[in-house]
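Heads up: the structure comes next, in structure tokens.
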There are 4 protein chains.
Amino acid sequence: MRSADGCTDSPWSPRECELLAVTLQLLQEHGYDRLTVDAVAATARASKATIYRRWPTKAELVFAAFVEGTRQAAVDPDTGALRDDLLRLGENIAAHVGTHAGTIRAVLVEMSRSAEFGAMMQEQFLDQRKALIQRILTRAVARGEIAAAAITEDLWDVLPGYLIFRSVLTGRSPSHQTVHDLVDNVLMPGLTRGST
Amino acid sequence: MRSADGCTDSPWSPRECELLAVTLQLLQEHGYDRLTVDAVAATARASKATIYRRWPTKAELVFAAFVEGTRQAAVDPDTGALRDDLLRLGENIAAHVGTHAGTIRAVLVEMSRSAEFGAMMQEQFLDQRKALIQRILTRAVARGEIAAAAITEDLWDVLPGYLIFRSVLTGRSPSHQTVHDLVDNVLMPGLTRGST
Amino acid sequence: MRSADGCTDSPWSPRECELLAVTLQLLQEHGYDRLTVDAVAATARASKATIYRRWPTKAELVFAAFVEGTRQAAVDPDTGALRDDLLRLGENIAAHVGTHAGTIRAVLVEMSRSAEFGAMMQEQFLDQRKALIQRILTRAVARGEIAAAAITEDLWDVLPGYLIFRSVLTGRSPSHQTVHDLVDNVLMPGLTRGST
Amino acid sequence: MRSADGCTDSPWSPRECELLAVTLQLLQEHGYDRLTVDAVAATARASKATIYRRWPTKAELVFAAFVEGTRQAAVDPDTGALRDDLLRLGENIAAHVGTHAGTIRAVLVEMSRSAEFGAMMQEQFLDQRKALIQRILTRAVARGEIAAAAITEDLWDVLPGYLIFRSVLTGRSPSHQTVHDLVDNVLMPGLTRGST
DNA sequence: TCATAAGCGAGACGGTACGTCGTGTCTTACG
DNA sequence: CGTAAGACACGACGTACCGTCTCGCTTATGA
């Protein structure tokens, strides 16, 4: 019933990918603590031992499912103009995070438990986006749209950060208008400030 | 041992406040799922029935403790200048959210469970901050610092939203410098744009 | 609704009698451990404190209700013939125990708990019957129906004991035929043995 | 520490037998309502789930422990003479019931609760003894000691019934002399009547 | 006639056991 | 050998009940 589609470029075997897909689906349906490992095993017609052999805790299973679910999401828009790049990026983030808000909330619980999860979150989720944004900004600097000083080490993530905040912590999923306003009224003024 | 301090203006009785305080402390010490209702009852020398009579599930208990813990945190700085108001507000938010990141993560799980939690989160947590920020902006409009159009219905929460994102979703708790940069390089340019 | 009838010669006040009557009824309806003191209080529109003021534990309440319920049951038949006395007594016991089997079972639990309950059971329940039976036998000796040696200190209670056993431990409540057979085929042969 | 002895011919697995043995011991030590399922689980190093998987309530657990405890007690004396058979049987019953009086009282409470317990009591406890006694009487008929009519459907259980009554409902545990008197002065006269 | 006290109904409370359920480990049997 | 099936120990959850306690209200008495 459940084929191993979408497993390309995955570090997981087809069977493992199937388990993660089942996990992800149940996660989105029921939330983190209504998800039971027994349910995953039953749905995938797998033994609990099979699951626990690969992911020693429920937390790691859920985290792996989350990472696998978001692995393909970061694509560089590269439209040729900073504003358009930011708009496209914002739309992508908003769309993706909107469907995975529940999963992200689930993963956050694990971050409180061990710093290790925080580090994994950093590496496997945020760093991808950081590199992408800095690539966009670097191109804008090269085109002379903004000053090089606008690329900071600290505040690179206001765009994704705010959008994620909106989806995950409040119910108000960001609309297209939200993304436009954010780019035009908040981000662009700060980035182009001083570059006339 | 534990007096009923800080219960002013609370919807809870002193005894209930005490239970919530115990819950909050154990929550910060052990995290959400290492917190047991039995431990709360034992620490507060209360019966489990007493706790469950008010908050029918562990989730609601934790949520109430979180709301009670953040109820006193929203204070209006009112320094007389918009930039200083934003800086002080940002510092307050960063400090408070920094200590309660784990609790917020715990509460978020419940948001996935029922829309009711989302609504409670909205009313009891976010609306407080929204009113506060719009008060600050209204004063700035009155002083002529910014245009009235800068007060939007949608993007009022970039400051708290980003700071909360930083503490809760990434490990990088915002520093003083982060708050300063955020206010000076992101928020103020957008707010004062066109009102030179 | 519930008047204080049947409280004559009772050591209890009318109100107390009412509480015991409610207890007895609920006891017969639901059995010992499905009976809750709260239910007694609610049914009698009384406060739990009122109940506990008189009977410090549920066990004592139930025991008092049992004793009150069986207080009027021991009546001397005195028909003029041993066999008829025994038959009538057996019928009485069978009828009374048949309706109170559940209550007796309930009281038995308390006997296991403290020897005090055993003693109270002895005094307030069994001794009454012992005196009655020995009165019957003494009359039979006086009439020359049986030898004086037939009155023993140990085995006086075969008639009530077996009938109680039948009702309380097995489901087979003794019928009229059972009582007749018991008197004619078991008791009378043993009593009249040797007295031709 | 606790081997699986005495589990022969048992409907229970060795592990289940162990659980019942622990239950029976704790039952005799503390009585029914001072016995906790948690204590059984802890003593047997078992999970509560393991216990509840087999016996859905504490009552059923205790009943099963009682039945298992009395399963081996019914042995046919077969001495060759009716009087000796009855004496030996009476002694056995008196000894066994004497040690298990508290357990029987505990089990009786459950009989009031559901008719199902009454049926189980009948099948698993009383029917064993009935078959045994009728075997004894049948042999006596074959030997010509008593008339065939002495075997009745109704009153077969005077011997065990009275002895159980003595142990369970009164404090007066039957002595050897009690058993002798019961056999010689009550049972034998009734059984041998007319077969002189 | 009014005040002060004693008893009662109502019900919250601390404690504790019950019965349920989920995690992570382990064993058995199959392919 | 790896896997499906599922029993198991551990422990938390949420419920129910016992016996204690406080709070008002009513009633019964003394100035």
Side-chain angles (χ1 to χ4, degrees), chain A residues 13 15-16 19 30 32-42 44-62, chain B residues 13 15-16 19 30 32-42 44-62, chain C residues 13 15-16 19 32-62, chain D residues 13 15-16 19 30 32-42 44-62:
Chain A
S13 77
R15 180 53 166 157
E16 289 162 338
L19 294 173
H30 302 103
Y32 180 75
D33 48 4
R34 292 255 248 261
L35 167 75
T36 67
V37 179
D38 291 75
V40 174
R45 298 199 62 83
S47 167
K48 287 207 293 176
T50 304
I51 296 174
Y52 279 105
R53 198 171 301 124
R54 285 157 179 78
W55 305 282
T57 64
K58 173 185 173 183
E60 293 179 59
L61 170 66
V62 167
Chain B
S13 75
R15 181 52 166 158
E16 289 163 337
L19 295 173
H30 303 102
Y32 179 76
D33 49 2
R34 292 240 245 268
L35 167 76
T36 67
V37 180
D38 291 77
V40 174
R45 296 198 61 81
S47 166
K48 285 208 293 176
T50 301
I51 296 174
Y52 280 105
R53 201 173 296 130
R54 287 161 178 72
W55 305 283
T57 65
K58 174 184 172 183
E60 292 181 56
L61 170 65
V62 167
Chain C
S13 77
R15 180 55 167 156
E16 290 163 336
L19 295 173
Y32 180 76
D33 48 3
R34 292 256 249 260
L35 167 74
T36 67
V37 180
D38 291 74
V40 173
T43 305
R45 298 197 62 81
S47 168
K48 287 207 292 174
T50 303
I51 296 174
Y52 279 104
R53 198 171 300 126
R54 285 154 179 79
W55 306 282
T57 65
K58 174 184 171 182
E60 293 179 57
L61 170 66
V62 167
Chain D
S13 76
R15 179 53 165 158
E16 290 164 334
L19 294 174
H30 303 102
Y32 179 76
D33 49 3
R34 292 241 245 267
L35 167 75
T36 68
V37 180
D38 291 77
V40 174
R45 293 198 62 82
S47 166
K48 286 208 292 176
T50 302
I51 296 174
Y52 280 105
R53 213 187 326 269
R54 287 160 177 74
W55 305 283
T57 64
K58 174 184 172 183
E60 292 180 57
L61 169 66
V62 167

Per-nt protein contacts along nucleotides 8-14 of chain F (heavy atom under 4.0 Å; B base, S backbone sugar-phosphate only, - none) come out as BBB-BSB
With side chain to side chain contact (heavy atoms under 4.5 Å, CB included) as the criterion, how do D/Leu61 and D/Lys58 come out once you've worked through the C-alpha distance, each side chain's angles and the decisive distance to 0.1 Å?
CA-CA 5 Å; D/Leu61 169 66; D/Lys58 174 184 172 183; 5.5 Å; no
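The side-chain hydrogen bond (donor to acceptor under 3.5 Å, both in side chains) test applied to C/Ser13 returns C/Glu16, not counting sequence neighbours.
Between B/Ala46 and B/Leu19, the shortest heavy-atom contact is CB-CD2, 3.7 Å. Minimum interatomic distance between B/Arg15 and B/Ala44 (heavy atoms only, all atoms of both residues): NH2-O, 3.2 Å. Closest non-hydrogen pair, D/Lys48 versus D/Val37, comes out as CD-CG1, 4.4 Å.
Between D/Ile51 atom CD1 and E/dC18 atom P the separation is 10 Å, expressed in whole Å. When the C1' atom of E/dT20 is taken as reference, atom CH2 of D/Trp55 falls 18 Å away, rounded to whole Å.
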